[in-house]
Amino acid sequence: MRLIDELRSEHELIEKVAGSLRTFVSQRVRDEGDHRDGERFLSFFRHYAGTFHHAREEDILLPVLVRELELPETSGPIRSLIDQHHSMAATLASVATLVSQEHLDDQEKARLVSGSNDYVRSLWQHIDAENSVLLPEAEERLKWAGVHELPDREITEEEARARDWGPDLLSLYPPLPDPEAIRGEGCVICPSHGVSCEGLEREWWTGSEWETFEGRSG
Ligand SMILES: [Fe+2]
Ligand SMILES: [Fe+2]
């Protein structure tokens, strides 16, 4: 399904540029790097990841799951993933000034490192949860419902410009891994698991899915 394939490849770019942001921040705290690139990172994460990409999830994919599959809108994975979009946007906003600031004192450097680490780690976990749970589940369930294609939303000029900063930033600031980031597959990786969502099986599985599962495992 084209939209789902595109969301997956957008995740690949977004997660790499998140690693570049780590490299950029590690240079800025050594008073290196070009502070003006901070605006480019902000534009990429705000307009491409936070607007274009998230809007296609929130305005196209997730409403189709509610409408066609009658999955719950105000609880479980759908509510939790939308809440994560909002909390990631707030985390990014909390470090936005520091990301593009020319001169940083020691306190500001510490706030920049901690806020950008929070942002990158939550973005990676969110992408892991979508890649391993939301997208494969959506693809499979929409197939069952006979939905083979989804509408699209044109990218605006501003969003396309923001996307195009991605490859430039990747070559300027080759992504740095984060040994403290917790990554993986399945609901357990999702920060909402056990908080606002009880996991795929409890939230989405129907009686017949449980029966098939019990038949297979029993
Ligand atoms: Fe998302
Ligand atoms: Fe996503």
Side-chain angles (χ1 to χ4, degrees), residues 1-21 41-69 71-93 116 118-142 147 150-156 158-160 162-167 169-170 175 178 181-193 195-197 199-200 203-204:
M1 198 172 285
R2 193 168 55 108
L3 178 72
I4 291 183
D5 293 341
E6 287 175 0
L7 291 173
R8 275 200 188 95
S9 65
E10 288 161 17
H11 285 163
E12 279 178 33
L13 177 62
I14 294 167
E15 73 173 334
K16 282 190 211 150
V17 179
S20 287
L21 176 64
F41 277 106
L42 289 173
S43 173
F44 177 87
F45 289 115
R46 278 179 172 156
H47 300 301
Y48 179 62
T51 306
F52 175 68
H53 176 80
H54 287 174
R56 292 203 304 160
E57 292 172 349
E58 291 187 24
D59 301 341
I60 302 174
L61 179 63
L62 300 178
V64 168
L65 300 182
V66 172
R67 212 169 47 239
E68 302 289 335
L69 303 169
L71 292 170
E73 185 177 16
T74 54
S75 61
I78 293 176
R79 182 72 261 155
S80 299
L81 291 170
I82 293 174
D83 288 347
Q84 288 175 21
H85 289 171
H86 296 156
S87 85
M88 289 188 292
T91 307
L92 184 63
S116 60
D118 286 350
Y119 178 70
V120 169
R121 287 170 190 165
S122 52
L123 188 54
W124 281 341
Q125 282 188 321
H126 180 81
I127 286 175
D128 286 347
E130 290 187 341
N131 281 345
S132 65
V133 180
L134 174 72
L135 298 184
E137 284 291 324
E139 202 160 35
E140 188 71 12
R141 285 161 191 271
L142 288 169
V147 178
L150 296 172
D152 206 351
R153 168 195 178 285
E154 290 292 310
I155 192 162
T156 66
E158 185 176 49
E159 291 161 356
R163 174 196 60 199
D164 294 343
W165 282 120
L169 293 167
L170 278 175
D178 179 352
I182 300 165
R183 305 201 61 184
E185 294 193 343
C187 288
V188 287
I189 198 63
C190 181
S192 302
H193 187 240
V195 180
S196 58
C197 180
L200 172 73
E203 301 283 356
W204 279 8

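Counting starts at 1 for both ligands and their atoms, following the listed order.
- The aromatic rings of His54 and His85 sit parallel, their planes meeting at an angle under 30°, below the 60° perpendicular limit.
- Taking 2.8 Å as the threshold, His53 counts as a candidate ligand of the Fe ion (ligand 2), since one of its N, O or S atoms lies below it.
- Put simply, His11 gets within reach of the Fe ion (ligand 2), with an N, O or S atom under 2.8 Å from it.
- The Fe ion (ligand 2) is closest to atom OE2 of Glu57 (considering only N, O or S atoms).
- In summary, Arg8 and Asp5 engage in a salt bridge, as defined by a charged side-chain N under 4.0 Å from a carboxylate O.
- Side-chain atoms of Thr51 never come within 3.5 Å of backbone atoms of Tyr48 as a donor-acceptor pair (strictly under, hydrogens ignored).
- Look at Arg153 and Asp59 and you find no salt bridge, because none of the NZ, NE, NH1 or NH2 atoms lies under 4.0 Å from a carboxylate O.
- Under 2.8 Å from the Fe ion (ligand 1) lies an N/O/S atom of His126, whether from backbone or side chain.
- Screening His126, Glu130, Glu6, Lys16 for a side-chain hydrogen bond (donor to acceptor under 3.5 Å, both in side chains) with His11, the sole residue that qualifies is Glu130.
- When you scan the N, O or S atoms of Glu130 for the one nearest the Fe ion (ligand 2), you land on OE1.
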